[in-house]
Amino acid sequence: MKNKKFYSLNGLIAFCVMLGGFFVLSTRAEDGYRLWLRYDRLSESSAKVYRAQIKFLVIKKSSETFAVRSELETALNGLLSEQLPVSETLVKNGALIVGTPKNSPFIGSLKLDKELAELGSEGFIIRSFKFKNLSAIVIASNGETGALYGAFHFLRRLQTGESIKNLKIAEKPKIKLRVLNHWDNPDGSIERGYAGKSLWNWAELPEKVDSRLRDYARADASVGINGVVLNNVNASAEMLTPEYLRKTAAIADVFRAYGIKVYLSARFSAPIELGGLKTADPFDEQVRVWWKRKADEIYKIIPDFGGFLVKANSEGQPGPRTYNRTHVDGANMLADALAAHNGVVIWRAFVYDMKPGYDRAGAAFENLQPFDGKFAANVLLQVKNGPIDFQPREPFHPLFGAMPKTQLMPELQITQEYLGFSNHLVFLAPMWREVFEADTHARGKNSTVARVADGTLFGQNLTGIAGVANTGTDRNWTGHDFSQANWYAFGRLAWNHEISSAQIADEWIKMTFTREPKAVVIIKKMLLESHEAAVDYMVPLGLHHQMWGGHHYGPAPWWNTYERDDWNPTYYNKADANGIGFDRTATGSNTVGQYFSPVRDEYSNLKTVPEKYLLWFHHVPWDYRLKSGTLWDEMALHYQRGVEWVRQTRKNWENLKGVIDAERHRAIAKKLAIQERDAVWWKDASLSYFQTFSRRPLPPGVEKPQRTLDEYKKIDLLDDFARGIGSFDENHQ
Ligand code: GCV
């Protein structure tokens, strides 16, 4: 991708295009780098209204306030196209006063102590004040980070065209640790990364720190992300060497001003690899001492280090079970080493063993639920949203609700490993909301996954949420310009899981693309419908894990050659002459029994299981009657519907030509072309294969496959893609 400047004048090209009589707008070239923090000048009429209320900025000038001050100055000067005067103390009519009671005498005088104390150091208030002839807006928090979050919140109102009159806003995050997990390797590659190389340039660090890291931190802070695990959970011990710790410290120095702590994935066997010990047994005294010393060493150079993330005894990673110890033994040993420094251990529940005849969906529960109440106070158990592995749709993970004495931390995947990489437009907020809103019934009605996560269901204090990052060195950060929306949505939902997908989409569109009302409606529809459409053309009605082996791009429902059965799509679809689907009820694996009643009863019963989970829980005859037809016909129609959605979306996007800047419009149009091709491929390959069992014709309205099943089996869609339509990074050229 071409290297362009952050504020590229190069692309200041204005278009005036009439579109269907609706749109007359000017656009300028954009490369997506500025994300949702573009701060371009508002229309003169909006700017005028805001300028009447914001005449100057009152904020302390110190290194502690640098992040918030520079953001506000850049943003306000850009949005209002006026150089705002800045003062430390002079409070006059039209002042925007920002700070904490400690650094702002004016805020100190407002007697907000009790209110601010309740909101904590990350919470904030934004309030309009009137004193005699003076009106002012105050953004206040007990902490610098809260003031920064308040500033971003205020700026969002301006960017999205909201009123700033009579403000009375008080916010605090619902979840404490809002963490991105980067699966970045020391060599710069990213496991399941589809947007270039790692943002951390280990070879150049710590001497040279890429200025891009600050923009990354700004973007994170703007949505309230306060933690970043820098390296892959398939961890290299090298990350814990003094050399890499110095590099990590340099990154932490940049992030600190933005309220972001760094964490590292720790390789469990590091005492052997780095310490020369013979074992990594958590009960071995030398091992315990090694970790304690390592923790001391880390905190010496990174005093606010967050802690360790650990993938143990999973997919070949070392762990305590290698030494006949338990997950608790391993996690608590590390927790002990970090406790003195207030660090946490985030222990992953993504653990599954291959036993003959077993159901992978039940494995994490079997492995970890018995340890409820045994983990140390500074351990969080990180649980993927569903029981298998970030599939396009999964029912919620049965561990949610089942470990009331353990701090469960949902893990979401922002990067689209199973969802078309950075080629497909799939907005994930609706999928995540579906999980948050799922009712576990652990304590009767309204025992939602969200309430497990935010600690209100079981009264837990330490809470967290993780998202596997989708960023890289691509100029637009995420490969697909629309994938930026998933980074944004993760942060917004981590802050408050009650924000609707529609609101998140609305904010993001207005800040990232346009505030033109009709365009907003069109783009919002694209975003909000996209997840359901992707499920339709990939894995409708509860199918799962039907992707090509290894890279997981494109369909391969016939795949059965992996030694590990549970890596084979055939293990999951179980298609045969009788029907299709994984029986997880009492007549099958019975892992549905891991859910509380009445969820387990609802899912067990063919009559009551939601159609979206049908084939997740049941093996269903091809001629079984669903609400509107036989299973076979309905399945085929779902695939076709997904394809048609992409076609229609391409048309809708075409209609936005001239409304959206030319560069991003073109890039997205190319991605949508790829998505259409892939959706057709998914439909054709899947139906061709399943038809060999169903032996039924395609129902009317479903197009015939373009190739033979043999061809689909032979051609790897990802390879074909690389040879064909264009490489990942070409799109912005
Ligand atoms: C980081 C899936 C992915 C792996 C990933 C693993 C995990 O299996 O395919 O790439 O490893 O999940 O979450 O640990």
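In this chain, residues are counted from 1 in sequence order. Atoms within a ligand are numbered from 1 in the order they appear, just like the ligands themselves.
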* Asked: Nearest protein heavy-atom contact for atom 2 (C) of ligand 1: which residue, which atom, what distance?
  -> Asp389 OD2, 2.9 Å
* To do: Before signing off on this row, confirm whether Glu411 and ligand 1 have an N or O atom pair separated by under 3.5 Å.
  => no
* To do: Using atom types as modelled and distance alone, determine if a side-chain donor or acceptor of Ser198 lies under 3.5 Å from a backbone N or O of Gly188.
  => no
* Kindly say whether the aromatic ring centers of Tyr613 and Tyr603 come within a distance under 6.0 Å. => yes
* Enumerate the atoms of ligand 1 whose separation from the nearest heavy atom of His552 is less than 4.0 angstrom. => 9 (O)
* Mark yes or no for whether Glu437, through its side chain, and Thr448, through its backbone, hold a donor-acceptor pair below 3.5 Å. => no
* To do: Run the numbers for me: atoms of ligand 1, each under 4.0 Å from some heavy atom of Asn232, listed by number.
  => 1 (C)
* Asked: Can a salt bridge be assigned to the pair Arg564 and Asp566 using a cut-off of 4.0 Å between side-chain N and carboxylate O?
  -> yes
* Tyr553, Phe421, Tyr418 screened by ring pair (Phe, Tyr, Trp, His ring centres under 6.0 Å) with Tyr194, the one that passes -> Phe421
* Answer with side chain, backbone, both or neither: which part of Val233 has a heavy atom less than 4.0 angstrom from an atom of ligand 1? => side chain
* To do: Check each atom of ligand 1 against the heavy atoms of Arg348 and keep those under 4.0 Å away; list them by number with element.
  => 7 (C), 13 (O), 14 (O)
* Heavy atom of the protein closest to atom 14 (O) of ligand 1 (residue, atom name, distance) -> Lys311 NZ, 2.6 Å
* To do: Run through Tyr572, Phe617, Tyr571, Phe390 and flag the one making a ring pair (Phe, Tyr, Trp, His ring centres under 6.0 Å) with His544.
  => Tyr572
* Could you tell me if the ring centre of Phe436 sits under 6.0 Å from that of Phe396? => no
* **Test of proximity, Glu191 against ligand 1: N or O pairs below 3.5 Å** => yes
* Considering only heavy atoms of Phe350, which atoms of ligand 1 have at least one such atom less than 4.0 Å away? -> 6 (C), 7 (C), 8 (O), 12 (O), 13 (O), 14 (O)
* Asked: Quick check: does Trp183 get an N/O under 3.5 Å from an N/O on ligand 1?
  -> no
* Structure fact -> If you scan protein heavy atoms around atom 8 (O) of ligand 1, the nearest is Glu315 OE2, 2.9 Å
* Asked: Does Arg584 reach the main-chain N or O of Trp616 with its side chain, forming a donor-acceptor pair under 3.5 Å?
  -> yes
* Got an N/O contact under 3.5 Å between Tyr352 and ligand 1? -> no
* **Carboxylate-amine/guanidinium contact Glu204 Lys247, below 4.0 Å** => no
* Identify which of Lys384, Arg192, Gln413, Glu417 has a heavy atom lying nearest to atom 12 (O) of ligand 1. => Lys384
